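Shown next, in structure tokens, is the structure this report addresses.
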Amino acid sequence: MVAKFQALRGTRDIMSPDSERQRALVDSFAEQARLAGYGHIMSPIFEDLGVFLRVGDSTDVVTKEMYDFEDKDGKRIALRPELTASVVRAFVQHNPPSLPWKVWYEGPQFRHEKPQAGRYRQFSQVGIEVLGSDDPAVDIEVITLGWRFYQSLGMSQVSLLLNSLGDETCRPAYFAALEEYLRDNAANLSEKSVETLDKNPLRVLDSKRGQDQEIVAGAPVMVDYLTEETGEHFAAVREGLDSLGISYEISPRLVRGLDYYTRTTFEFASTALENAQNAVGGGGRYDGLAESLGGKPTPGIGFALGVDRILLACDAENVFEHAGVVPDVFIVDDVGGGEATVLADELRSRGIAADRGFDGRSMKAQMKVANRSNAPWAIIIGETEKADGTVTLRDMHGDTGQTLIGRNDLPNELAQRLGESPR
RNA sequence: GUGAUUGUAGCUCAGUUCGGUUAGAGCACUUGGUUGUGGUCCAAGAUGUCGGGGGUUCAAAUCCCCUCAGUCACCCCA
């Protein structure tokens, strides 16, 4: 017997109508980006491994989960585990003359994780990045764009968590205080957290282990250590969101998994999702990243939103449904199929979506397929119609019955009827 | 990566405890009732490597081992 293959672990085939739905989601995101003046960037799916190593050496995304390999030239390559690093690499490489540089993207990314619902090894994100300005108005614009996008899909159960991680001027004092606090309490921390503590004390705040909760709750928080300048920046962001009526929750322990974040960080969580994978998007400032990729010091901010999880959240909220592919008309040809071949081509050329029956099935069988296709109209061609140079146009949804129409009048007649009734 | 749990028709699932006739149901599908007309109804029909491989046994969907995949928690993150 021939061995059968299946999609690899953590990957899947997305088929109609889910695939149409995903496209519609990306279209909706593209529209939000266009409205705010963002250009589309399509960067390569694989990059020099080094691009991603700059993202941080205490993050699992980089240290444990990358799909990296040597290509035939012996070059170290990685499938992109995230897109910010690629976009910043592109920014540094092309050095755009006009700042700020505003781009949006969409596409697959790859992380070798243990799969779960809403967590795949190949997953899709949409996102934006802005390089070249640290105006808090940019932070506000970025966060707002994400917020409005969720709204455009009909989602209402999304909460916005906001924090500031400070910058190099305020971090040292905070880190010292945090580390001291955690070390003093190390005896009561979980083993895992003690390990994390050695690499990046900040990340301990993210622990979900019950044992750590009490200690984490009492830990000093970054927002109390912000210098005057970062504090003002953060205040300006909050005021901006207030003025737009966007509600948020200050979350002093929101840390985010990638090491490059500074100052403003945020996360969108779906309250409609009950599992642990309820973060449907996140982002923040990364004012040092361009420089670490060999560019001029350039502030940056952006976010990435998880397409797969957003669709799960939409399911949970019963919004953003999609019917898949629905033709305008279904042609039932009872005289051999040649009439259907010509008519379908003619209608399609005029921009009318036409599907048809095949295999010379009975009229009844073809009508069932027509019904299933959900097309609002069926065209029936039988012996009588063929002899008279007519076709029967049947209303499949309404109650106007069916009428006999001259074969040559059909395209105009159909175009008119389709124009009249929104479908 | 750690721990747990599930896998039977295209889909949702029963059957597995305690091995034993040709492995079932609903939905979907095909054909017919309806000699040209879908959606409701009625009837008939087709469809399974019981996730895969190996083992125990006279006999395995059922027991054992390995393996693949999904799901949940941790981890991590979108």
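We name chains A, B, ... by the order of the sequence lines, and we start the count at 1 in each one. Small disclaimer: the values here were computed from a predicted structure and weren't measured.
Candidate nucleotides B/rA78, B/rG32, B/rG38 were compared by shortest atom distance to the side chain of A/S362, and B/rG32 ranks first.
You won't find any donor-acceptor pair under 3.5 Å spanning the side chain of A/Q6 and the base of B/rG70, going by distance alone.
Here A/F330 and A/W377 keep their ring centres 6.0 angstrom or further from each other.
Contact annotation: A/R203 side-chain N/O to B/rC77 OP1/OP2 distance is under 4.0 Å. Residue A/R111 has no polar side-chain atom (N or O) positioned under 4.0 Å from OP1 or OP2 of B/rC75. In terms of phosphate contacts, A/R119 brings no side-chain nitrogen or oxygen within less than 4.0 Å of OP1 or OP2 of B/rC72.
Taking all atoms of both residues into account, the shortest heavy-atom contact from A/L182 to A/P201 is CD1-O, 3.8 Å.
RNA chain B is contacted by no residue of residues 24-40 of chain A, taking any non-hydrogen atom closer than 4.0 Å.
The nearest heavy atom of RNA chain B to A/V280 and to A/K192 marks one nucleotide each, and the one closer to the 5' end goes with A/K192.
Taking the charged nitrogens against the carboxylate oxygens, A/E113 and A/R121 have no contact shorter than 4.0 Å, which rules out a salt bridge. With respect to A/E339 and A/R356, no salt bridge is recorded, no charged nitrogen being found less than 4.0 Å from a carboxylate O.
Between the C1' atoms of B/rU67 and B/rG39, the separation comes to 47 Å (whole Å).
Judged by a 6.0 Å distance limit and a 45° cone about the ring axis, A/R12 is positioned over the six-membered ring of A/Y120. A cation-pi geometry, defined here as NZ or CZ lying under 6.0 Å from the six-membered ring centre and within 45° of its normal, holds between A/R238 and A/F234.
Using a 4.0 Å heavy-atom cutoff across all strands shown, A/Y120 reaches at least one base atom of the nucleic acid.
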